[in-house]
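Single-structure report; data block below.
Heads up: numbering here begins at 1 and tracks the sequence.
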Amino acid sequence: MQCRSAETPLLVLAGLLCCGSHVATPCTADERLPLELSIDWEDGFLTIRGQDLPGGSIRIHYLEAYCRPGSTNRDWHETVIPHRTRQLAGSQHNTRVELEDRLDDGVIVRHVITAGE
């Protein structure tokens, strides 16, 4: 019998993505199965893999949009600040990805994405 706590989230990404809780039956801490998730990023896509995910993986177009003030009242092309994203590092076990966005106006934004409990 597989046992998961109702409080065990599969993943939360930058406060934007949450792949809910998988609930089987109530269990004690000793009975809980470890979550085995891995992530990788390539060409703007973040892929989350895990045996508990339907189909084994979820592919997400992981894209940031940086906007100028007053963005709600003007055309998208006048609002968005162009940028380039590159991967800085990934972990040996594919549970952590570090990205860096360089905006055309000189701002640098770093993202750390982790997979796990």
Side-chain angles (χ1 to χ4, degrees):
M1 170 177 91
Q2 289 191 352
C3 185
R4 290 241 187 257
S5 166
E7 299 141 8
T8 305
L10 290 177
L11 183 66
V12 177
L13 296 174
L16 300 176
L17 171 69
C18 181
C19 298
S21 295
H22 175 78
V23 180
T25 57
C27 57
T28 66
D30 292 337
E31 295 174 321
R32 290 185 190 145
L33 297 173
L35 293 176
E36 294 183 20
L37 296 175
S38 65
I39 56 175
D40 64 82
W41 181 90
E42 185 176 358
D43 296 327
F45 286 90
L46 180 71
T47 303
I48 306 164
R49 291 184 180 81
Q51 64 187 29
D52 291 336
L53 299 177
S57 68
I58 299 173
R59 189 170 186 237
I60 301 161
H61 192 198
Y62 188 82
L63 177 67
E64 291 290 339
Y66 300 96
C67 299
R68 293 180 175 88
S71 63
T72 56
N73 298 321
R74 64 172 117 170
D75 184 74
W76 177 254
H77 298 291
E78 295 173 356
T79 295
V80 71
I81 303 168
H83 71 281
R84 291 163 303 289
T85 303
R86 70 182 180 114
Q87 185 169 350
L88 297 176
S91 70
Q92 188 175 19
H93 301 289
N94 293 336
T95 58
R96 179 183 170 103
V97 172
E98 294 181 40
L99 303 175
E100 179 182 88
D101 289 344
R102 290 187 175 260
L103 284 64
D104 283 1
D105 67 358
V107 172
I108 297 172
V109 179
R110 292 208 172 146
H111 308 252
V112 176
I113 306 164
T114 58
E117 293 189 49

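Using a 3.5 Å distance cut-off with no hydrogens or angles, the side chains of D105 and Y66 do not pair a donor with an acceptor.
A donor-acceptor contact shorter than 3.5 Å links the side chain of R68 to the backbone of V80.
Across all their heavy atoms, T47 and S57 have their closest contact at CG2-CB, 4.2 Å. When every heavy atom of L46 is checked against every heavy atom of W41, the shortest pair comes out as N-CD1, 4.1 Å. When all heavy atoms of G50 and L37 are compared, the pair lying nearest together is CA-CD2, 3.9 Å.
A heavy-atom distance below 4.5 Å is found between the side chains of D104 and R84. Under the 4.5 Å side-chain criterion, counting only non-hydrogen atoms from C-beta, R49 is in contact with D40. By the 4.5 Å heavy-atom criterion applied to side chains, R110 and V112 are not counted as neighbours. Contact check for T85 versus E64: no side-chain heavy atoms found under the 4.5 Å cut-off.
Here the CD-CD distance, from E98 to Q87, works out to 9.0 Å after rounding to the nearest 0.5 Å. Between the CG atom of L63 and the NE2 atom of H83 there is a distance of 6.0 Å, given to the nearest 0.5 Å. Here the CZ atom belonging to R96 is positioned 7.5 Å from the OG1 atom belonging to T114, to the nearest 0.5 angstrom. Rounded to the nearest 0.5 Å, atoms CD (E36) and NE2 (H93) are 12.0 Å apart. Here the straight-line distance linking atom CG of L88 with atom CG of L99 works out to 7.0 Å at 0.5 Å rounding.
In summary, of the residues considered (N94, I60, T95, I48), a side-chain contact (heavy atoms from CB on, under 4.5 Å) with I39 occurs for I48 alone.
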